[in-house]
Novice: 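There's a structure below that I have some questions on.
Remember, it's a predicted structure, so these values are computed and weren't measured experimentally.
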Amino acid sequence: MYRKRKMILLIFTLTMLLAACSGEDNSKAPTGEESTSESSFDNANESMNTETKEASKSGLSEAPGTPENDIEQAEAQQERMMIYEAHIDLETKDFDNFQQNLQSQMNQHGAYMVETNVHKTERGNRQGHIRIRVPQPNFEGLLSGFETISDQIISRNINSRDVTKNYVDLKARLKAKEEIEARLLSFLEEATATEDLVEISQDLERVQSDIESLKGEMNYLENQSDFSTITISFTETKVVVGRVDQQDLNTWERTKQAFFKSINGITSIASWLFIAAVGYSPVVIPVLIVIALGIWLRKKRKSKSDDK
């Protein structure tokens, strides 16, 4: 009896151990849904990667496609593009002398004038501003020369802007657009259907317009960085003494003018009276006759009354 109980207990213990091992194996094995989900996820990733690679190989994407680190490297290799602008407010005793000296300084530094605005004040002095473009290497030299050609510098402001990053970005966008243009041109040569030709031509026209716009922006930055701008605001400080006009002193000329004006006036009046007398004679003559008869009758009556 004791042996039977012992055997039953041993069998029960082995059965429990086998059941526990079986549960652990089942928990470790993936289910059918989980396996299917992971497979689908992997397939989707592979599909997306394939599509991305195909899109990048096609070359029709309008994004520059240049990573940020490549742009930073290109910016580091690109020579710094700086735009300098200066505004000088000065006073000079003689504007004519200042203008001559300024032109001499401009010739020495290869500068040229782009705008001049000069006007006189109520006192007769001249004021205005002059805008000059000068090659960037000569910018500082021309600025220092204003100390010698002017009487006093009131103020001097200098501004600078670094446009290297903007230029590099435009350059990268231009390169991408030119690659798209080349691909569209190849597609245009291979296309046979009218609809394809029209669509490709429209895309090509739009891309070429973008290319011209980018080139214009790049040329503007290049010009602004190659030549600096100096704006001069000047005021003439010399005292201007009023002079007597020579025309006021020419008495003989003024006398002749007054004489001929009076003659012209008399001639005009006489001409008007003649025109009035002849032109209005059908009305004037009867009126004069009536007036003359009235005067004659009045005199006749007066003479009769005197006789009585």
Novice: Any sub-3.5 Å donor-acceptor pair from Ser225's side-chain atoms to Leu221's backbone N or O?
Specialist: yes
Novice: So, the side chain of Asn264 versus the backbone of Phe260: is there a donor-acceptor pair under 3.5 Å, distance only?
Specialist: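 Checked: pair present.
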Novice: Could Asp151 and Lys93 be called an ion pair, given the rule that one side-chain N must be under 4.0 Å from one carboxylate O?
Specialist: no
Novice: Please tell me if the side chains of Met113 and Met106 come closer than 4.5 Å, counting only heavy atoms from C-beta onward.
Specialist: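 Answer yes - side chains close enough.
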Novice: How many angstroms lie between CG in Leu214 and CG in Leu170, if you round to the nearest 0.5 Å?
Specialist: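 Reported value, rounded in 0.5 Å steps: 6.0 Å.
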Novice: Measure the spacing between NE2 of His119 and CG of Asn117 and express it to the nearest 0.5 Å.
Specialist: 7.0 Å
Novice: Minimum heavy-atom separation for Pro135 and Gly110, please, with both atom names.
Specialist: CD-O, 3.3 Å
Novice: Looking at NZ of Lys261 and CD1 of Ile266, how far apart are the two atoms once the value is rounded to the nearest 0.5 Å?
Specialist: 15.0 Å
Novice: At their closest point, which heavy atom of Met81 faces which heavy atom of Asp162, and how far apart are they?
Specialist: O-OD1, 3.3 Å
Novice: Partners of Asp96 by side chain to side chain donor-acceptor pair (under 3.5 Å), sequence neighbours excluded?
Specialist: Arg126
Novice: Ignoring hydrogens and angles, tell me if any N or O in the side chain of Asn101 forms a donor-acceptor pair with the backbone of Asn97 under 3.5 Å.
Specialist: yes
Novice: Do Ile230 and Tyr84 pass the side chain to side chain contact (heavy atoms under 4.5 Å, CB included) test, and can you show the C-alpha distance, the side-chain angles, and the key distance before you say yes or no?
Specialist: CA-CA 9 Å; Ile230 301 176; Tyr84 293 99; over 6 Å; no
Novice: Under 4.5 Å between side-chain heavy atoms, counting indirect links through other Ile/Leu/Val/Met/Phe/Trp/Tyr residues: same cluster for Ile153 and Val134 or not?
Specialist: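 Same hydrophobic cluster.
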Novice: Hydrophobic clusters here meaning ILVMFWY residues chained together by side-chain heavy-atom distances under 4.5 Å, can you tell me if Tyr112 and Ile232 are in one?
Specialist: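 Not linked; separate clusters.
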Novice: Rounded to the nearest 0.5 Å, what's the gap from CG on Leu204 to CD on Gln202? Could you check?
Specialist: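 Leu204 CG to Gln202 CD: 11.0 Å, rounded to 0.5 Å.
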Novice: Under 4.5 Å between side-chain heavy atoms, counting indirect links through other Ile/Leu/Val/Met/Phe/Trp/Tyr residues: same cluster for Ile269 and Trp272 or not?
Specialist: yes
Novice: How many angstroms lie between atom CZ of Phe187 and atom OG of Ser201, to the nearest 0.5 angstrom?
Specialist: 13.5 Å
Novice: Can you confirm whether the side chains of Glu222 and Tyr167 place a donor and an acceptor under 3.5 Å from each other?
Specialist: yes
Novice: Checking Ile158 against Glu85 for the side chain to side chain contact (heavy atoms under 4.5 Å, CB included) test, could you report, in this order, the C-alpha distance in whole Å, the side-chain angles of both residues, the deciding distance, and whether it holds?
Specialist: CA-CA 6 Å; Ile158 301 175; Glu85 296 179 354; over 6 Å; no
Novice: Taking all heavy atoms of Arg183 and all of Ser186, pick out the closest pair and write down the distance.
Specialist: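 The answer is O-OG, 2.5 Å.
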Novice: Measuring only between side-chain heavy atoms, which start at C-beta, is Asp89 closer than 4.5 Å to Phe234?
Specialist: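 No; the side chains remain at least 4.5 Å from each other.
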Novice: Does a donor on one side chain and an acceptor on the other come within less than 3.5 Å for Glu236 and Gln127?
Specialist: no
Novice: Look at Asp169 together with Arg173 and state whether they make a salt bridge at an N to O cut-off of under 4.0 Å.
Specialist: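 Counted as a salt bridge, because a side-chain N and a carboxylate O are separated by less than 4.0 Å.
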Novice: For Thr231 and His129, does a side-chain donor sit closer than 3.5 Å to a side-chain acceptor?
Specialist: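 No, no side-chain donor-acceptor contact under 3.5 Å.
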Novice: Do Ile88 and Ile130 land in one hydrophobic cluster if side-chain heavy atoms of ILVMFWY residues count as linked below 4.5 Å?
Specialist: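 Looking at the clustering, Ile130 is in the same group as Ile88.
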Novice: Side chains of Lys171 and Met218: closer than 4.5 Å at any heavy-atom pair?
Specialist: yes
Novice: Answer with yes or no whether the hydrophobic clustering places Ile149 together with Ile132; edges join I, L, V, M, F, W, Y residues whose side-chain heavy atoms lie under 4.5 Å apart.
Specialist: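 Yes, it is one cluster - the side chains of Ile149 and Ile132 are joined through contacts under 4.5 Å.
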Novice: At what distance, to the nearest 0.5 angstrom, does CD of Gln136 lie from OG1 of Thr229?
Specialist: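 Here the interatomic distance stands at 11.0 Å.
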Novice: Would you say that Thr148 contacts Gln105 through its side chain, given a criterion of any heavy-atom pair below 4.5 Å between the two side chains?
Specialist: yes
Novice: Hey, which of Lys177, Glu181, Lys175 is the one that makes side chain to side chain contact (heavy atoms under 4.5 Å, CB included) with Glu179?
Specialist: Lys175
Novice: Walk me through whether Asn125 and Thr235 qualify under side chain to side chain contact (heavy atoms under 4.5 Å, CB included).
Specialist: CA-CA 8 Å; Asn125 296 334; Thr235 301; 5.9 Å; no
Novice: For a side chain to side chain contact (heavy atoms under 4.5 Å, CB included) check, start with the C-alpha distance between Phe227 and Phe139, then their side-chain angles and the critical distance, and finish with the verdict.
Specialist: CA-CA 8 Å; Phe227 285 84; Phe139 178 67; over 6 Å; no
Novice: Under a 4.5 Å cut-off applied to non-hydrogen side-chain atoms, are Arg133 and Gln224 in contact?
Specialist: yes
Novice: Can you give me the closest heavy-atom contact between Ile211 and Leu174, atom names plus distance?
Specialist: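 Heavy-atom minimum between the residues: CG2-CD1, 3.7 Å.
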